[in-house]
Visitor: 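Below are the structure tokens for one structure; questions will follow.
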Amino acid sequence: MKIFIDGKYHAGRDAKISVFDHGFLYGDGVFEGIRAYNGRLFKLREHLDRLFCSAKAILLTIPMTAPDLLKATVGACRANKIRDGYVRLIVTRGLGTLGLDPRRCKRPSIIIIADHIQLYPAELYQRGMDIVTVPTIRNLPGAVNPAIKSLNYLNNILAKIEANNAGVEEAVMLNAAGFVAECTGDNLFIVKDRRLITPPLSAGALYGITRRSVIELAEAAGVKTLEANLTRYDLFNADECFITGTAAEIVPVVKIDGRVIGTGAPGLLTRRLVADYHALTRSTGEPI
Ligand code: PXG
């Protein structure tokens, strides 16, 4: 594997970052996870836009223009002969010293890993997932805004640990007001009375690119979509539920906190959206 670090390629085992990089010391940095399907990088421009927005929010200047970063991302896929895979694009605050002041870091580092990912076993997509709500609430927008895709994922990891302790793969995170925010690495949707509903981004969620694609696909299929605050009660009484993310894609959810959702099997609209999403990922994107 060839890893891009600051303009040069390194063999996988030699691809190293200093222990004095503030991305490592403090989680000071931002990232994106992008998928390649069928020789194309799906929604690459949207991912790059979000990376620049995350960077702006933490006052980090990415030392490359968006068009150059696009070329470098495509280049990393080519260098690794990736046609179907997963790209992790990381920008750290860079090499600094002990002490969290970012002014000690003279130049941010850009890392591109072009590899593969499989988050969940394939059968889970057929059968549907069992998830739980967890005690750890989503970061408050006034603290570390969940819209920032930062290298500090401890909020999400704590929730993931709580899900694992409950014997399931994924956690629903609520916000401080008790409304559903999102899952640890995915946005959440329900279907109720043939309408597709997802929490508003202000509930404390990442501006998910898969989320946006799913809303567009539903609207194209004539399904009414809306953003509304959801409680656990709304989840338990949904007709269908699924989660969305670049890595996870669309995963049907069939049980939440022990309550069976709908019929207990992936719902009709969920399966339609999965099919439409697969068709979209295979036919659009930035050519590698
Ligand atoms: N919420 C959070 C907190 C995320 O990290 C999503 C929602 C879905 O967003 P997109 O734009 O991907 O639809 C994410 C993205 C992983 C992994 O390693 C997680 C994500 C992306 C890539 C890898 O678990 N989550």
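First listed ligand is number 1; within each ligand, the first listed atom is number 1. Since the model is a prediction, treat every value here as computed from it, not as a measurement.
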Visitor: Would you call Glu216-Arg212 a salt bridge at under 4.0 Å N-O?
Guide: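 Yes, Glu216 and Arg212 are salt-bridged.
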Visitor: Name all residues meeting the side-chain hydrogen bond (donor to acceptor under 3.5 Å, both in side chains) criterion together with Arg13; count only those two or more places apart in sequence or in a different chain, and write none if there are none.
Guide: none
Visitor: Find the distance between CG (Leu188) and CD1 (Ile256) and round it off to the nearest 0.5 Å.
Guide: 6.5 Å
Visitor: With sequence neighbours left out, which residue pairs that include part of residues 244-266 fulfil the salt bridge (Lys or Arg N to Asp or Glu O under 4.0 Å) condition?
Guide: Arg232-Asp257
Visitor: Let me know which protein residues bring a heavy atom to under 4.0 Å of ligand 1; chain then number is fine for ordering.
Guide: Arg50, Tyr86, Arg88, Leu119, Arg138, Lys149, Tyr153, Asn156, Glu182, Thr184, Gly185, Asp186, Asn187, Leu206, Gly208, Ile209, Thr210, Thr244, Gly245, Thr246, Ala247
Visitor: Each residue besides Leu273 in its hydrophobic cluster should be listed here, by chain and number; the cluster joins Ile, Leu, Val, Met, Phe, Trp and Tyr at side-chain heavy-atom distances under 4.5 Å.
Guide: Tyr37, Phe42, Phe189, Val191, Leu196, Val214, Ile215, Leu217, Val223, Phe242, Ile250, Leu269, Val274, Tyr277, Leu280
Visitor: Within a 6.0 Å radius of atom CZ on Phe20, are there more than 12 heavy atoms belonging to other residues, nucleotides or ligands?
Guide: no
